[in-house]
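Letters go in sequence order (proteins before strands), and every chain restarts at 1. Both backbone and side-chain heavy atoms feed into the values below; hydrogens, waters and symmetry mates do not. If you're wondering where the values come from, they're calculated on a predicted model, not measured in any experiment.
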There are 2 protein chains.
Amino acid sequence: MALKNKSMYAILGILHIGPGTGYDIKKYCDTVLPGIWNENFGHIYPTLRMLTEQGLIETIDEENTTGKIRYRITARGQEELDGWLTDPPQPQPVRSEFFLKFLFASDQPKEKILGMLREYQEYHEARLATYRAMEASLDAGISGVTAKREVFLRAVLRSGMIGCEGMIRWCDETSAAIGAL
Amino acid sequence: MALKNKSMYAILGILHIGPGTGYDIKKYCDTVLPGIWNENFGHIYPTLRMLTEQGLIETIDEENTTGKIRYRITARGQEELDGWLTDPPQPQPVRSEFFLKFLFASDQPKEKILGMLREYQEYHEARLATYRAMEASLDAGISGVTAKREVFLRAVLRSGMIGCEGMIRWCDETSAAIGAL
DNA sequence: GGTTTCATGTAACATGTTACATGATTCT
DNA sequence: AGAATCATGTAACATGTTACATGAAACC
């Protein structure tokens with residue numbers, strides 16, 4: 001009875017912000033949700049069909065000249081979304097390839113380990129730069145979001161920045177510790 | 001030819017630290033690798049068989065009274081592991097249920113949102129406490145790891161702590177911002 | 001006229017989790 | 001004697017990714 005997977009809620013949530021096509025949903029994940037959520041077409045289209053069958057979303061038929069199919073959330077879909085929002089998020093299993101490699105690298109040459117740390121640091125510096133750019137575009141007021149939702153978007157950006165800053169600092173600390181070995 | 005999945009390397013890496021059974025590998029993931037890597041039996045046993053077939057690990061036969069099967073890494077397995085360690089880790093797709101909910105919660109009552117943040121903060125405080133406990137047990141010198149590997153374990157613990165501290169700070173900041181709405 | 005972006009969808013494949021079945025050993 | 005932990009393994013299921021096929025519309 002209950003929805004099986006998280007993807008269904010992700011799609012329901014995206015459609016609650018505004019109606020759109022499967023393609024729009026993918027776009028939304030890639031542009032506003034990177035680092036938070038990802039979906040691929042192989043998942044989106046079957047899920048849209050399931051959600052429609054369950055009456056949680058519906059198609060908008062509008063002088064359908066092209067092959068586009070726009071969906072919007074239904075009242076029942078909104079209810080289902082609100083219920084999910086109330087459930088505490090379950091801690092998800094983590095799999096960090098970097099830390100796994102790092103832990104197993106203790107017998108590798110020091111230079112190799114320092115190189116791994118440098119790359120990891122550069123990766124986070126690049127991410128931090130893109131977060132800052134996103135923040136700047138919010139500052140410039142070119143996004144079409146409401147003031148309230150902007151507070152939430154900024155908060156999510158801040159969390160990404162805090163994470164990156166922490167990892168950059170960690171790389172510094174750790175490089176120093178490894179260098180001293 | 002090349003190994004398909006990350007689990008194979010995780011298992012290879014764990015066995016490179018020391019020989020063990022499938023059960024030991026699961027234990028290792030649950031105790032020293034939580035927050036970094038997880039495996040389940042349904043994956044471990046078939047993978048051990050594949051790794052054996054590929055000659056990357058081998059069984060240790062020792063007066064096998066019980067049903068235990070202990071594995072150790074082979075020279076070829078060590079080579080394969082070293083090669084993987086040299087490849088840069090690929091950025092993994094992220095899916096954070098909490099942030100997804102948080103972003104979709106902007107239309108929910110303020111109290112509900114503050115509650116979500118409070119729970120998220122408590123969760124990170126609890127994790128921080130376990131990391132500190134793990135650090136204390138390293139300080140006490142009761143772990144049987146080498147001095148060098150201990151440096152790496154401490155570094156991984158530090159990264160977990162930095163992450164938790166960052167998220168706790170973020171919850172404070174964000175609760176204040178939401179409260180002011 | 002050609003390239004990029006928009007748009008939908010399926011099939012095959014890869015990966016990961018849960019539940020179950022079984023039994024030995026160790027601890028209380 | 002009973003409970004907890006150790007130990008191996010399979011089958012069914014759930015989830016997620018990639019490659020492919022197709023074509024319209026927008027841009028240059």
J.: Measure the shortest side-chain to side-chain distance between Arg95(B) and Glu39(A) over non-hydrogen atoms and say whether it is less than 4.5 angstrom.
T.: yes
J.: Under a 3.5 Å distance rule, please check whether Asp24(A) uses its side chain to pair with a backbone N or O of Thr21(A) as donor and acceptor.
T.: yes
J.: Please give the angle, rounded to 10 degrees, between the axes at the start and the end of the helix from dG1(C)-dC28(D) to dT28(C)-dA1(D), where five pairs define each axis.
T.: 40°
J.: Checking contacts here: which listed nucleotide (dT10(C), dC6(D), dG9(D)) is nearest the side-chain heavy atoms of Tyr45(B)?
T.: dG9(D)
J.: Which of these nucleotides, dA7(C), dC6(D), dG16(D), is closest to any side-chain atom of Lys27(B)?
T.: dC6(D)
J.: On DNA chain D, does the nearest nucleotide to Leu48(B) precede the nearest nucleotide to Asn38(A) from the 5' side, or the other way round? Give the residue.
T.: Leu48(B)
J.: Report yes or no: does Ser96(B) contribute a side-chain atom to a donor-acceptor pair with the main-chain N or O of Ile36(A) at less than 3.5 Å?
T.: no
J.: Can you confirm whether Tyr23(B) sits close enough to Ile44(B) that some side-chain heavy atom of one is under 4.5 Å from a side-chain heavy atom of the other?
T.: no
J.: Is there a residue in residues 13-24 of chain A whose heavy atoms reach under 4.0 Å of DNA chain D, and which residues are they?
T.: none
J.: Students often mix this up, so state it plainly: with edges at 30° and 60°, are the rings of Phe102(A) and Phe99(A) parallel, tilted or perpendicular?
T.: perpendicular
J.: Counting side-chain heavy atoms from C-beta on, which of dA7(C), dG9(D), dT8(C) comes nearest to Tyr71(B)?
T.: dG9(D)
J.: Using a 4.5 Å cut-off on heavy atoms from C-beta on, say whether the side chain of Leu51(B) contacts that of Leu12(B).
T.: yes
J.: Using heavy-atom distances to pick each residue's nearest nucleotide on DNA chain D, tell me which of Arg95(B) and Gly42(B) is more 5'.
T.: Gly42(B)
J.: Considering only dG16(D), dT8(C), dT10(D), which nucleotide approaches the side chain of Arg49(B) most closely?
T.: dT10(D)
